[in-house]
Amino acid sequence: MSDYSEQKLKDSQMKASINQTLIESGEKERLKEMLRNKLIECGWRDQLKAYCKEVVRRKGLKHVTVDDLVTEITPKGRELVPDDVKKELLHRIRAFLAQQKELTSDKIPY
């Protein structure tokens, strides 16, 4: 296995482990709720809704499927998320993981 393949496998395993920890602790739901509220507060939801309407008008209601709409609006949705919201979410995830690491290291006898 190449170094690149090994690194991709390790990254994938790490992501799965972090996701599992977030789910088991209930932190993932708290983060999702915080993100949902921040996006509503900053007007992201309204901007994306307007963009969806624009796409439907441009393509025509009869020519747009839900999959087409999702494919087209996903990059725009990510682009519209304010940097401060992204930074806050990342900060909260890092803080949570640091806390988990401290809790885990407290259980390990030296």
Side-chain angles (χ1 to χ4, degrees):
M1 190 180 282
S2 72
D3 288 342
Y4 177 75
S5 297
E6 287 178 28
Q7 187 60 47
K8 281 195 69 120
L9 179 61
K10 285 180 184 178
D11 288 350
S12 177
Q13 291 170 340
M14 179 63 76
K15 286 179 185 177
S17 175
I18 290 170
N19 192 45
Q20 188 64 33
T21 302
L22 288 168
I23 291 169
E24 288 173 358
S25 67
E27 187 66 12
K28 186 170 184 175
E29 284 303 315
R30 287 187 289 276
L31 289 169
K32 283 170 54 175
E33 185 63 27
M34 181 272 305
L35 180 60
R36 189 175 300 117
N37 290 333
K38 292 282 184 187
L39 292 175
I40 290 169
E41 286 172 17
C42 72
W44 176 89
R45 190 176 184 180
D46 294 331
Q47 288 176 311
L48 201 58
K49 185 177 178 180
Y51 183 68
C52 287
K53 288 179 179 181
E54 177 188 320
V55 170
V56 171
R57 274 190 220 110
R58 185 170 19 99
K59 291 189 173 196
L61 185 59
K62 293 182 181 182
H63 302 288
V64 177
T65 66
V66 172
D67 289 338
D68 291 340
L69 194 56
V70 169
T71 300
E72 183 148 348
I73 68 166
T74 297
K76 183 71 171 180
R78 288 185 177 140
E79 175 188 318
L80 290 173
V81 176
D83 286 343
D84 60 321
V85 173
K86 291 177 189 178
K87 287 176 185 174
E88 183 176 349
L89 182 59
L90 185 58
H91 171 74
R92 288 190 184 210
I93 292 169
R94 285 182 174 155
F96 171 78
L97 293 175
Q99 180 185 29
Q100 293 302 304
K101 185 177 179 182
E102 286 175 16
L103 293 174
T104 304
S105 65
D106 288 344
K107 296 177 184 178
I108 300 172
Y110 292 96

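Bear in mind that the values here come from a model prediction, so they are computed numbers and not experimental data. This chain uses plain numbering: 1 for the first residue, then up along the sequence.
With hydrogens and angles disregarded, a donor-acceptor distance shorter than 3.5 Å links the side chain of Trp44 to the backbone of Gly77. At distances below 3.5 Å, not a single donor-acceptor pair connects side-chain atoms of Asn19 with backbone N or O atoms of Lys15. A distance-only check finds no donor-acceptor pair linking the side chain of Ser17 to the backbone of Gln13 [under 3.5 Å].
Between Lys86 and Asp83 there is a side-chain heavy-atom pair separated by less than 4.5 Å. Inter-residue side-chain proximity for Arg45 and Leu39 is flagged as unmet; no heavy-atom pair is nearer than 4.5 Å. In this structure the side chain of Glu27 never reaches within 4.5 angstrom of the side chain of Gln100, judged on heavy atoms. Contact annotation: the side chain of Glu88 approaches that of Met34 to within less than 4.5 Å [non-hydrogen atoms, C-beta and beyond]. The closest side-chain heavy-atom distance from Lys76 to Leu80 is below 4.5 Å.
In plain terms, the two heavy atoms of Leu69 and Cys52 that are nearest each other are CD1-O, 4.2 Å.
With respect to Glu33 and Arg30, no salt bridge is recorded, no charged nitrogen being found less than 4.0 Å from a carboxylate O.
Taken together through direct or relayed side-chain contacts under 4.5 Å among Ile, Leu, Val, Met, Phe, Trp and Tyr, Ile23 and Leu31 form parts of separate hydrophobic clusters. When hydrophobic clusters are built by joining Ile, Leu, Val, Met, Phe, Trp and Tyr residues whose side-chain heavy atoms come closer than 4.5 Å, directly or via intermediates, Leu90 is not grouped with Ile18.
Atom CG of residue Leu48 and atom CD of residue Glu54 lie 11.0 Å apart, to the nearest 0.5 angstrom. The line from CG of Leu89 to CZ of Arg94 is 11.0 Å long, rounded to the nearest 0.5 Å.
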Item to complete: Take Val55 and Lys59 through the test side-chain contact (heavy atoms from CB on, under 4.5 Å) and record every step on the way to the result.
Response: CA-CA 6 Å; Val55 170; Lys59 291 189 173 196; 4.2 Å; yes
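Side-chain atoms of Gln7 and Asp11 form a donor-acceptor pair, as typed in the model, at a separation below 3.5 Å.
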